[in-house]
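Notes follow once the structure below has been shown.
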Amino acid sequence: MQPRRQPQPASRPGGRRPAAQLFALLLLLDLEAVAVAVPAGAGGPEDAGLGRGLLQQAAQAALHFFNFRAGSPSALRVLASVQEGRAWVNPEKGCKVELVFSTERYNPQEGEEHLGKCSAQVFFKNQKPRPAINVTCTRLIEKKKRQQEDYLLYKQMKQLKNPLDVVSIPDSHGHIDPSLRPMWDLAFLGSSYVMWEKTTRFLRYNLAQLSSVKQWKTHEGAIDFDYTVLLHEFSTQEIIPCRIHLVWYPGKPLKVKYNCQELQTPEGSGTEEGSAVAPAQLSNF
Amino acid sequence: MRGTATPGTGPGLPAVHRTTLLICSFILATALGQMNFTGDQVLRVLARDEKQLSLLRDLEGLKPQKVDFWRGPARPSLPVDMRVPFSELKDIKAYLESHGLAYSIMIKDIQVLLDEERETMAKSRRLERSTSSFSYSSYHTLEEIYSWIDNLVTEHSDIVSKIHIGNSFENRSILVLKFSTGGSQRPAIWIDTGIHSREWITHATGIWIAKKIVNDYSKEGVLTEILNAMDIFIELVTNPDGFAFTHSMNRLWRKNKSTRPGVFCIGVDLNRNWNSGFGGNGSNNNPCSETYHGPSPQSEPEVAAIVNFITGHGNFKALISIHSYSQMLMYPYGHSLQPVANQEELYHLAKGAVKALYKVHGIEYIFGSISTTLYVASGITVDWAYDKGIKYAFSFELRDTGRYGFLLPASQIIPTAQETWLAILTIMEHTRTHPY
């Protein structure tokens, strides 16, 4: 799935101006030694808070999208910290965020301290999920190393005895058996797609747990993985079960299908589904 | 369906529980009769039709008995589970295969499983006899925590006592630890952990902090000065029913376990049930929601108990409510974007606390008012405390920022507690030096 073309931000020469009734919220957060330093002129503590929440939201969305698009369980990243950002809010259309943030490896290796850096443009459409995202990351592991690690993971996964009795990864104590780690990484990769698709300006997701494995097999060499995860949505604090089916082979595009159950209300409950194939080659990766 | 499992009111025992029951009885048998099940397996057989089913029943009738059915042949669609002694394995498997009966090995070696189970049960039943043999880098059950509380009070009766402030919906005791070096109704600091039961890191941090207090008193200057002037109250398991449920059935349960006639879903979000901005935005009147505020303010016994206690005491000067996750330190309001009167002072105090926290392990927290940092939330603890005149009202969201979330590995308990303690100490010290 290719992200939608972004409208040019007003600050670039020759860029189109967004529609009327637009106000800019300018924030420069310089995060170094101390947790937060709000420079003078940026307004009081309130502005810093509001802006910061939006930047975190955008960074998270950008990372889910990045992870899905990379299609590699060895290349997964998590947010370290937001370094700077700007947002434009158009009450009619939505909210556009430009930001720079640092990342860490999802699966930190011994002795490795790879802080990556990403810049992203995230466009939250009013009330609609699936923000349009443009993200570029630097200082990641070299392509060759990533391919090697993917292939190693693939071999480990193929050796997993049929783990259909696997429940709850991590377990209640946050522990993941090292032999099941590749499975968890793959589950997270598939979940990234789902979480990106479901993210809105106000809804933000984290993967809480892999709750069951329906199927784990190889089909024409590729790993065919059918599982259920529990996603945690932040603003409502809800736990949302999602059934995900993915097919993965190192170097080939990731195929994902999913089906999530939504909150039970007196009116009834619904399901939400989607599917995609990640692009195989990434020009700026 | 929401959550991982339906709160267990289904008909009959699920297969897992039945198996556990059988295993338990085996353990008993082993313990009493010295029986040995080494190499024995449990096979699960799927009979396609009545003919195959009757073949299995034939096995049942064999004398001497060759198999022992855990789940007997009933209908073709239902699996049949049978324990096969090691000596009979070859014959039985040949029998199944020759008759085209599909089977899988459910338990490869019963004795191994029994040994593991016995050890686990013994471990969990081994309630520590002292707080120095208690593992601070593990998560514990409610029973273990309550036992630890009793030990702490016994070992340090000079400065700790236990107060029973009420009972939960399912009638569990609600306990508060009081740390005091004397005086009468001294200005006090309140700390609560575990108001949301799935936030296990909070109880674990609270326990570590309680132990830290008794260890450091009269040895460390800042804490000693604080305890010489003020009392500290810690409620470790603010939601005991929810916490028990996270151990027994649903690790990701958040609310309490209250039920009401005619209401389909269970539980109220205890951090939306307070009498400040009750029912407003950021809480939900749908009982099935994770942020259901309950029928009325303080309707929940877990909240009422604290309200009564703090109100009755009348001299609390600070309140710290601990949650996870997000790495944030926040002050009121949650229900409104309006800044509180003391915003400036609280902002700077939070800034200092977060700085102290960062110095321990380099973990970054963000800070600000709840509504602008986290989200708008109504009927929350700290808003109520602030409106009651408790100026230094703070809410923590501990580690991490989503990588593990609620399932924070136990290896992070002590580092989290160490850094959180420094932040809390900063707040308590400020409270002591700024009497009001």
Side-chain angles (χ1 to χ4, degrees), chain A residues 29 31 33-38 44-53 56 60 78-82 104 106 108 162 164-165 167-176 188 202 204-209 211-212 228 230 232-241 261-266 269, chain B residues 1-4 106 138-139 196 198 200-201 246-247 250-254 264-265 269 282 284 286 288-291 325-327 329-330 337 339 343-344 346-347 350-351 354-355 357-358 363-369 371-376 401-412:
Chain A
L29 299 178
L31 299 168
V34 181
V36 174
V38 180
E46 304 96 343
D47 291 341
L50 258 172
R52 205 170 21 221
Q56 298 274 82
Q60 183 84 296
V78 285
L79 181 62
S81 59
V82 178
E104 286 170 356
Y106 182 67
N162 205 345
L164 290 186
D165 51 355
V167 285
S168 305
I169 299 176
D171 66 13
S172 291
H173 301 239
H175 177 71
I176 301 174
F188 181 71
F202 298 105
R204 175 156 60 104
Y205 296 87
N206 283 307
L207 174 58
Q209 200 176 44
S211 56
S212 72
T228 306
L230 299 174
H232 173 228
E233 197 290 302
F234 221 83
S235 64
T236 59
Q237 289 292 323
E238 295 296 333
I239 300 292
I240 295 161
Q261 284 178 345
E262 299 302 324
L263 169 69
Q264 199 163 43
T265 60
S269 60
Chain B
M1 193 218 17
R2 50 192 296 280
T4 50
M106 241 180 52
S138 315
Y139 293 112
H196 291 137
R198 60 192 180 198
W200 280 18
I201 185 60
T246 58
H247 278 274
N250 184 343
R251 174 63 178 84
L252 295 174
W253 189 260
R254 168 185 168 89
F264 180 54
C265 293
D269 183 346
N284 202 313
N286 175 359
C288 299
S289 159
E290 292 281 26
T291 53
Y325 56 91
S326 270
Q327 290 172 204
L329 174 54
M330 299 168 289
L337 291 166
Q343 159 125 312
E344 193 75 23
L346 296 179
Y347 174 85
K351 188 171 182 182
V354 154
K355 195 167 173 183
L357 185 152
Y358 176 82
I363 298 296
E364 293 183 354
Y365 267 53
I366 52 184
F367 63 96
S369 75
S371 55
T372 60
T373 306
L374 188 59
Y375 42 52
V376 169
T401 53
R403 193 200 298 240
Y404 285 100
F406 301 120
L407 306 184
L408 195 71
S411 54
Q412 292 198 40

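In the text below, chain A, chain B and the rest are named by the order of the sequence lines, each starting its count at 1.
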Under a 4.5 Å cut-off applied to non-hydrogen side-chain atoms, are B:H196 and A:Q237 in contact? no
Interchain contact, [X] with chain A, by part (heavy-atom threshold 4.5 Å):
X	result
B:L374	side chain
B:R403	both
B:Y375	side chain

I need the minimum non-hydrogen distance between [X] and [Y], along with the two atoms involved.
X	Y	result
B:Y404	A:P170	CD2-CG, 4.3 Å
B:E290	A:I239	OE2-CG1, 4.1 Å
A:S172	B:R251	O-NE, 3.0 Å
A:G174	B:P409	O-CG, 3.6 Å

Pairwise distance NE2(A:H175) to CG(B:L407) - rounded to 0.5 angstrom: 13.0 Å
Quick one: pull up CG in B:N286 and OG1 in A:T236 and give me the separation to the nearest 0.5 Å. 11.5 Å
Using heavy-atom distances under 4.5 Å, tell me whether A:H173 contacts chain B through its side chain, its backbone, both, or neither. both
Side chain, backbone, both or neither: which part of A:F202 has a non-hydrogen atom closer than 4.5 Å to chain B? neither
Partner set under ring-ring contact (aromatic ring centres under 6.0 Å, His included) for A:H232, not counting sequence neighbours: A:F234, B:Y325, B:F406
Test side chain to side chain contact (heavy atoms under 4.5 Å, CB included) applied to B:T401 - qualifying residues, sequence neighbours left out: B:Q327
